[in-house]
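The structure under discussion appears below in the form of structure tokens.
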Amino acid sequence: MNFGEALQAALLGKMVSRQGWSGMAVIYTPPMRADLPDEHHYQDAVSGDTVVLGGHFDLVMPGDVIQPGWLPSANDLVADDWTVTEQVEGEPPEIKETDDEEPER
């Protein structure tokens with residue numbers, strides 16, 4: 001399928017992937033209201049405890065890893081190897097351990 005068809009499938013709640021991608025897929029997350037935990041870093045940017053998260057695409061990877069904010073490349077837009085997929089398979093990415101210090105703001 002082409003990107004337009006994959007986009008329509010994603011907007012209908014399907015997870016889509018390219019045939020050349022190994023263990024990755026894209027999902028659409030519609031706009032939603034979310035209550036922020038007290039410690040969330042968004043608290044510094046907003047005036048209330050509830051925010052509206054805009055609709056966006058997420059990259060889904062093995063190990064239940066989701067990277068918000070996926071954008072298609074020029075190659076993704078012209079590709080015709082898109083498919084609807086049911087699950088993401090493979091090994092999760094390595095997560096580096098960090099110290100417990102808060103980053104400077």
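Since this is a predicted model, take the numbers as computed values, not measurements. Just so you know, residue 1 is the first one in the sequence shown, and it goes up from there.
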Can you give me the closest heavy-atom contact between [X] and [Y], atom names plus distance?
X: V16; Y: A6; result: CG1-O, 3.6 Å
X: H56; Y: G69; result: CD2-N, 4.0 Å
X: G55; Y: Y28; result: CA-OH, 3.7 Å

[atom1]-[atom2] distance between [X] and [Y], expressed to the nearest 0.5 angstrom:
X: D76; Y: F3; atom1: CG; atom2: CZ; value: 7.0 Å
X: I66; Y: D64; atom1: CD1; atom2: CG; value: 7.5 Å
X: L36; Y: L53; atom1: CG; atom2: CG; value: 7.5 Å
X: M1; Y: L7; atom1: CE; atom2: CG; value: 11.0 Å
X: D81; Y: N75; atom1: CG; atom2: CG; value: 10.0 Å
X: W70; Y: D58; atom1: CH2; atom2: CG; value: 11.0 Å

Report yes if some heavy atom in the side chain of [X] is under 4.5 Å from a heavy atom in the side chain of [Y]; otherwise report no.
X: V60; Y: M15; result: yes
X: V52; Y: M32; result: no
X: Q67; Y: M61; result: yes
X: K14; Y: T85; result: no

For D35 and D49, what are the C-alpha separation, side-chain angles and deciding distance, and is it a side chain to side chain contact (heavy atoms under 4.5 Å, CB included)? CA-CA 6 Å; D35 293 324; D49 293 333; 5.7 Å; no
Return yes if some donor-acceptor pair links the side-chain N/O of E5 with the main-chain N/O of N2 below 3.5 Å, else return no.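 The answer is yes, because a donor-acceptor pair under 3.5 Å joins these two groups.
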Using atom types as modelled and distance alone, determine if a side-chain donor or acceptor of S17 lies under 3.5 Å from a backbone N or O of M24.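 Answer holds: yes.
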Can you tell me how the ring of W21 sits relative to the ring of W82, calling it parallel under 30°, perpendicular over 60° and tilted otherwise?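 The arrangement is perpendicular - the two ring planes meet at more than 60°.
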